[in-house]
Amino acid sequence: MASFLPIIAGVVSQTGGFSGPSWPPTAVCPNLVATEYGAVCECDGTCGNVWPDPTPSSPRTAIVVTTSEATGFMETEEIGLEYGAFVRQDTTVPYMDLTASPAQTHQEIKGFGASITDAVAYCLRELLSPAAAEELLKQAFQHAGFSFARVHLGSTDFSRMNYALAHERDLSDWCLRDDRTADGEVLKCAAEYGEEADYKVGVLKEALARNPELKVIVSAWSAPPEYKHQQYSCAFESKAVLACEPDLSLPPVMNCTTHVADPADCVGREQQEPCPTDPPTQWEQCDPRVCYGCDVEEPDACFYPNINSLKFDEQTPPRNAAGNCYNGGFIRDEAYDAWASHYARFIADYATLGVPVWGVTAQNEPGTQTGLWQSNFFTDEGQVEWVKDHLAPALRAAHPQVKIMLHDDQPTTLLSKALPIAQQVGRDAVDGIAFHWYTGVEAVYVNGPAKPPVPGTPIVNGGEDVKKVYEDPSWGKPGEKFMLMSESCSGYSLGTTWVGPRHGAHDYGYSTAHDMLWHLRNRAAGYVYWNLLLDHKGGPNVAGNFVDSPAFVIDENKFGLNPSFFYMSHFSRFVPPGSTAIEMQVQCGAKQDAYCQYVSFRTPTGQVVVVITNDDIRAGPAAVVTAGLPALARGQCTSGRDCEPIEWTVRCQADGAYAKGRIAWRAIQTVVMPCAPPTPPSSPPSEAPSAPAPSQPATSPPASPLSPPRGDSKIPCMVTEDCPEGEECLQQARRRVLFSSRRMQGVCVIGV
């Protein structure tokens, strides 16, 4: 995770985006609870288990799934398709008319998901009851359709202690483990105890049982301290971004004297309060003008770590690490092969325990060199050597099916670092490039170049570079390689007031969806959130770096699902792996073209899926700043006025069928419709004859009980056991097939 660079100093506290009445319950979330910041779905052993079917019930209908304050989470209806020409009568209202071109394909979708860290496993195994934990995994990996899980090799900041899986270079002391065993206690290793030694394995196996197509990604934060040296110097690469260089002629910047050794000491901490080390860290005194949160009236009380990257200097990384060599340093040349062997052994052990690994990233955030938590420092040249000469040969020999991804860092350096490194590593050694979301600043800055928003501020954005790198043939043809958004989370902005969880915050949910939409538009193959589940504080975390998460623990028998969970589900539920992003033609009648926000896919079963948003960003700096933000961060609503819905149509170019609807302000919708020449319908059942249809244009499909009713005649409902005869029949709904999420198995065809 990036130690984020505050863009605006002295910003006031962020306010929640929730106001007005509580959101209504839905079949997906029947128990919705208001919070300070919005509303969460509270689950107490069972949760909403009636999720919308990802496929329309008829080739002549479309599914529309809506999340908004008026509808609640993922309220569903099924509407009838219309045929022939559509002429928009009123162009004075905001609108967008979309035409799907399934033959014009882009990237294949690999999937969506979240990470299973030690903190996640701790919450599932030690804070939640078995029934509640099982329900959460069902919600995520079955109902929401999550198909990615990222896991760490060794410890991460979302562990309760520092640990490595081996300290000897021959791996003679190898121990696949987790963060439950304090130093000095008898270790439980997987070689003897199986999956009991690493509670992430059991969680992943349960997730695999829910979704057998689950792809597991492995990332590493720090090599064992014995593999690293601390002889380096640092200088500023850009505003608030330090780049360190190894120099073996220099004395070590610190000695390896301490680390977090007892997980019990890491529970119950406060935000930005690091866990105690053994022996206790001797922090250097910090200038109160530099260190975030210091009282300038009591300068003697100010000590490192310094979390405000705008106030870093060249000595900040070692001062932040303060003798904890898990938190920085460079891997020794002679230890590269041993470190590569960690990856190969980890993958083999996980496979033995029943968890196949799909891919690895070469290093988590190699360019984020702050000393705040576990990390290996790399130069660009060092990354090339590491992957080309050590990691790739080891994995291609032992696990040739495993994907290797570079970068796993910020989009601001995709063009300046990731692409040149991929070119030098060579096509045979790299399969994809992973990137994180943090320099998008809660998705305020997406789909633009990497540059400072105003002179003298840190570089942000880089979203448009995802597409540029994907389409660059120098590291592989489009389709042969992939781009993957591998880590996102809200509440990460250390050194600011926009830090920590905000349970129920619609703003965090929309920031996630907004970021997903634009990265997918820019050829990302998928999207992986950071921790799936955390405690109510947003931890535990060895550095006190608490953040938001899709789910959080309420008590032993309850967990909450945040808006971000449902916003992600608008994609993951309906766009399965193997889908392809497709081209859309758009006629935009919004106030600005930027406000027509959508992304489209074709699924393996031939459905077209379009995700549409009508919202703005109100998290991070956008909570307090209105001037100078990109148009994409704002929407139809200006200063609380003119908050308008957007009317839309989605047309299938193949057969001329279209769906139409409206998306309210501050809402997200997923539209699913078939997009292929319709199959001639069978004769209607005798018990439910349809009214004769008037003659139709030659381009229209034959009329049937499942065709859009035409004329002004009324027809009876088609009776199914879950849709009783007479229910909602004879309503005046022109050319619509009403489908309520309360009647998931039934279809009522309603005439006009």
Side-chain angles (χ1 to χ4, degrees), residues 28 51-52 54 65 67 73-74 106-117 120 136-151 204 207-208 210-217 219 358-359 361 403 405 408 432 434-437 440 443 446 466 482-490 508-533 548-551 561-581 598-604 607 609-611 613 668-670 672:
V28 169
W51 281 62
V65 183
T67 291
F73 292 123
M74 301 187 76
H106 300 300
Q107 78 278 18
E108 178 183 320
I109 301 303
K110 306 295 185 185
F112 307 91
S115 296
I116 305 297
T117 61
V120 174
L136 173 60
L137 295 176
K138 180 172 71 173
Q139 290 292 318
F141 294 99
Q142 181 175 322
H143 292 325
F146 283 8
S147 53
F148 266 127
R150 185 171 175 237
V151 68
L204 290 166
L208 277 161
R210 297 291 181 183
N211 185 354
E213 303 302 317
L214 183 70
K215 298 179 178 72
V216 175
I217 300 171
S219 299
W358 177 82
T361 66
K403 309 295 183 185
M405 289 166 274
D408 211 14
F435 60 96
H436 296 181
W437 95 314
V446 295
V466 177
F482 61 87
M483 308 291 292
L484 180 68
M485 214 303 304
S486 57
E487 185 180 309
S488 77
C489 70
S490 290
Y508 278 177
Y510 181 66
S511 288
T512 300
H514 187 79
D515 197 63
M516 292 178 75
L517 187 151
W518 283 101
H519 283 318
L520 291 164
R521 284 273 299 261
N522 281 320
R523 310 297 186 254
Y527 197 95
V528 183
Y529 206 92
W530 196 194
N531 300 272
L532 172 65
L533 169 76
D548 208 59
S549 55
L561 295 175
N562 273 316
S564 57
F565 179 81
F566 296 104
Y567 275 80
M568 286 189 69
S569 299
H570 271 269
F571 298 83
S572 59
R573 173 74 177 175
F574 305 98
V575 186
S579 301
T580 53
Y598 62 90
V599 63
S600 53
F601 313 89
R602 182 176 175 85
T603 71
Q607 307 297 316
V609 180
V610 185
V611 182
T613 61
I668 180 173
Q669 286 183 330
T670 300
V672 186

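Any value given below was found using the heavy atoms of this structure, including those in side chains, with hydrogens, waters and symmetry copies removed. Please read these numbers as outputs of a predicted model, since none were measured by experiment.
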Verdict with supporting geometry, W530 and T117, side chain to side chain contact (heavy atoms under 4.5 Å, CB included): CA-CA 9 Å; W530 196 194; T117 61; 3.5 Å; yes
W518 vs T613, side chain to side chain contact (heavy atoms under 4.5 Å, CB included): CA-CA, chis, key distance, verdict: CA-CA 11 Å; W518 283 101; T613 61; over 6 Å; no
Is a donor on one side and an acceptor on the other found under 3.5 Å between the side chain of [X] and the backbone of [Y]?
X	Y	value
H436	D408	yes
K215	K110	yes
R210	L137	no
Q107	L520	yes
S572	A144	yes

What pair of heavy atoms forms the shortest contact from [X] to [Y], and how long is it?
X	Y	answer
V216	L204	CG2-CD2, 4.4 Å
Q139	L561	OE1-CD1, 4.2 Å
A524	I109	O-CD1, 4.0 Å
V672	P54	CG1-O, 3.4 Å
A149	L214	N-CD1, 4.0 Å

Would you give the length of the straight line joining atom [atom1] of [X] to atom [atom2] of [Y], rounded to the nearest 0.5 angstrom?
X	Y	atom1	atom2	result
R521	M516	CZ	CE	15.0 Å
E108	F601	CD	CZ	12.5 Å
L484	H519	CG	NE2	11.0 Å
E213	F141	CD	CZ	14.0 Å
H514	I668	NE2	CD1	11.5 Å
Y529	M485	OH	CE	9.5 Å

Do [X] and [Y] have side chains that approach each other closer than 4.5 Å (heavy atoms only, starting at C-beta)?
X	Y	value
E487	S219	no
V65	R573	no
S569	M74	yes
D548	C489	no
T670	T67	no

Which residues share a ring-ring contact (aromatic ring centres under 6.0 Å, His included) with Y567, sequence neighbours left out: H506
State whether a side-chain donor-acceptor pair under 3.5 Å links [X] with [Y].
X	Y	answer
R150	S486	no
N531	S549	no
S147	N211	no

Axial cation check for F482 ring with R523, 6.0 Å and 45° limits: no
Ring centres under 6.0 angstrom apart (F148, W358):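 That pair passes the under 6.0 Å test.
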F146 ring center within less than 6.0 Å of F565 ring center: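 Close enough - the centres of the two rings lie under 6.0 Å apart.
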Geometric class of the F571/F112 ring pair [parallel <30°, tilted 30-60°, perpendicular >60°]: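 Taking F571 first and then F112, their aromatic rings sit tilted (interplane angle of 30° to 60°).
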Chi angles and distances behind the side chain to side chain contact (heavy atoms under 4.5 Å, CB included) call for D515, Y527: CA-CA 9 Å; D515 197 63; Y527 197 95; 2.8 Å; yes
Side chain to side chain contact (heavy atoms under 4.5 Å, CB included) between N562 and Y508, worked out: CA-CA 9 Å; N562 273 316; Y508 278 177; over 6 Å; no
